[in-house]
Amino acid sequence: HNRHHARPNQIDADPDIAGAGIAFTPAQAAARRTRAGRWVARHQGGLFFPMLLLEGLDLHLASIRALAGRHVSRGREWWVESLLLIGHVGGYLAAVFTVLPLGQGVAFIAVHQGLLGVYLGSSFAPGHKGMPMLSPGQELDFLRRQVLTSRNIRGNRTLDVVMGALNYQIEHHLFPSMPSPSLRLVQPVVRAFCNSHNLPYHESTLINSYVQVLRHLRAVGAGITERA
């Protein structure tokens, strides 16, 4: 998360566009060597939302990989995080299988985690996907780096709650430690400042943001051809 905030949408620096599942650049798509990988890249526009069903599982696995990868700095913090993660997984499974039989419990977990992935992915994607990509090593000042690569979603208070204030993605990136309820209050100031300095301030409706995301993913995958 910190690496993403430091270099949003910068190729080879932002882990959110690393291209492991979805190819975000033509180079990432062209680098696919397996038939399955190239097929996914070619059809990723249509597969994007179904693939989000696995996002929740991927985040859980990422937590485990992050802890397992700390071979040197396994101090008190590592043990606390590990115990909390074990407690979370153990408590979750215990709660499910205490009240549900095995088959229903497995079904509940599959549906719950799938919907979690779709919800999180649908909240995260509009903020940056389909926005300008920065080449490796490209340097911009902090303001332009954060504003030019981010997109806000227009809406009401309900949308603020549903998206956890990530609809104010520009303000969130400019002031990452600002409490979420304050982002909507500072938005008019940020928008006016950007306009006064001729800096594009991108806003969109939620549906149009998804259209832009899917259009970008289709464009990236369009150049992929079948390879034996």
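Model, not experiment: these values are computed from the prediction.
Residues L120 and L214 fall into different hydrophobic clusters, defined by Ile, Leu, Val, Met, Phe, Trp and Tyr side chains chained together at heavy-atom separations under 4.5 Å. Hydrophobic clustering (ILVMFWY, side-chain heavy atoms < 4.5 Å, transitive): V89 and V99 are in one cluster. V220 and L134 fall into different hydrophobic clusters, defined by Ile, Leu, Val, Met, Phe, Trp and Tyr side-chain heavy atoms under 4.5 Å apart, directly or through other members. A continuous path of Ile, Leu, Val, Met, Phe, Trp and Tyr side chains, each step under 4.5 Å between heavy atoms, connects M163 with V118, placing both in one hydrophobic cluster. Put simply, L206 and Y168 are part of two different groups of oily side chains (I, L, V, M, F, W, Y) that touch within less than 4.5 Å, one to the next.
Nearest approach of L148 to M131, heavy atoms of both residues: O-CE, 3.6 Å. Closest heavy-atom contact between Q146 and H5: NE2-O, 3.0 Å. Of all heavy-atom pairs spanning L159 and G155, the tightest one is CD2-CA, 3.7 Å. For the residue pair P126 and G121, the shortest heavy atom distance occurs at CD-O, 4.4 Å. Contact record, P15 with R3: CD-CB, 3.8 Å, taken as the closest heavy-atom pair. Minimum interatomic distance between W78 and L67 (heavy atoms only, all atoms of both residues): NE1-O, 2.7 Å.
Two residues are said to be in side-chain contact when any heavy atoms from C-beta on lie closer than 4.5 Å; F124 and D16 fail this criterion. Under the 4.5 Å side-chain criterion, counting only non-hydrogen atoms from C-beta, Y201 is in contact with N152. Contact of the Q187 side chain with the R184 side chain is not registered, since no non-hydrogen atoms from C-beta on lie closer than 4.5 Å. You'll find the side chain of P136 stays beyond 4.5 Å of the side chain of Q10, heavy atoms only. Counting only heavy atoms from C-beta outward, the side chains of Q113 and L57 never approach each other to under 4.5 Å. Residues R151 and V213 meet the side-chain proximity criterion, which asks for heavy atoms closer than 4.5 Å. Proximity of Q169 to H128: side-chain heavy atoms (C-beta onward) are separated by under 4.5 Å at one or more points.
Atom CG of N9 sits about 11.0 Å away from atom OG1 of T25, to the nearest 0.5 Å. A distance of 9.5 Å separates CD1 of I86 from CD1 of I64, quoted to the nearest 0.5 Å. Taking CD1 from I22 and CD from Q28, the interatomic distance works out to 10.5 Å, rounded to the nearest 0.5 Å. For the atom pair R191 CZ and S196 OG, the distance stands at 13.0 Å (nearest 0.5 Å). Atom-to-atom distance recorded for L47:CG and R42:CZ is 11.0 Å, nearest 0.5 angstrom. Between the CG atom in L116 and the CG atom in L59 there is a gap of 7.5 Å [rounded to 0.5 Å].
Q138 contributes a side-chain N or O that, together with a main-chain N or O of S135, makes up a donor-acceptor pair within less than 3.5 Å. With hydrogens and angles disregarded, a donor-acceptor distance shorter than 3.5 Å links the side chain of Y119 to the backbone of V162. In this structure, S82 contributes its side chain and W79 its backbone to no donor-acceptor pair below 3.5 Å. No donor-acceptor pair under 3.5 Å is formed between the side chain of S209 and the backbone N or O of S204. Although no hydrogens or angles enter the test, the distance criterion places a donor-acceptor pair under 3.5 Å between the side chain of Q44 and the main chain of L217. With hydrogens and angles disregarded, no donor-acceptor distance shorter than 3.5 Å links the side chain of H112 to the backbone of F108. For the pair Y210 (side chain) and S122 (backbone), a donor-acceptor distance under 3.5 Å is present.
Here the two rings, on H173 and H4, have centers that are under 6.0 Å apart. The six-membered or imidazole ring of Y92 lies away from that of H60, with a centre-to-centre distance of 6.0 Å or more.
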- request: Please report the C-alpha distance between V190 and F175 in whole Å, then the side-chain angles of each, then the deciding distance to 0.1 Å, and finally whether the side chain to side chain contact (heavy atoms under 4.5 Å, CB included) criterion is met.
  value: CA-CA 11 Å; V190 173; F175 311 105; 3.9 Å; yes
task: Would you check, one step at a time, whether the test side chain to side chain contact (heavy atoms under 4.5 Å, CB included) holds for V40 with M51?
output: CA-CA 10 Å; V40 169; M51 289 176 68; 4.2 Å; yes
- prompt: Could you go step by step and tell me if R157 and D160 meet the side chain to side chain contact (heavy atoms under 4.5 Å, CB included) rule?
  reply: CA-CA 5 Å; R157 295 290 186 90; D160 293 358; 3.9 Å; yes
- prompt: Could you go step by step and tell me if R7 and R145 meet the side chain to side chain contact (heavy atoms under 4.5 Å, CB included) rule?
  reply: CA-CA 8 Å; R7 300 281 178 173; R145 177 180 298 280; 2.7 Å; yes
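Surrounding CZ of R154 are more than 12 heavy atoms belonging to other residues, nucleotides or ligands, all under 6.0 Å away. Heavy-atom neighbours of R65 CZ from other residues, nucleotides or ligands within 6.0 Å: above the threshold of 12.
Under the 4.0 Å criterion applied to side-chain N and carboxylate O atoms, R144 and E139 are not assigned as salt-bridge partners.
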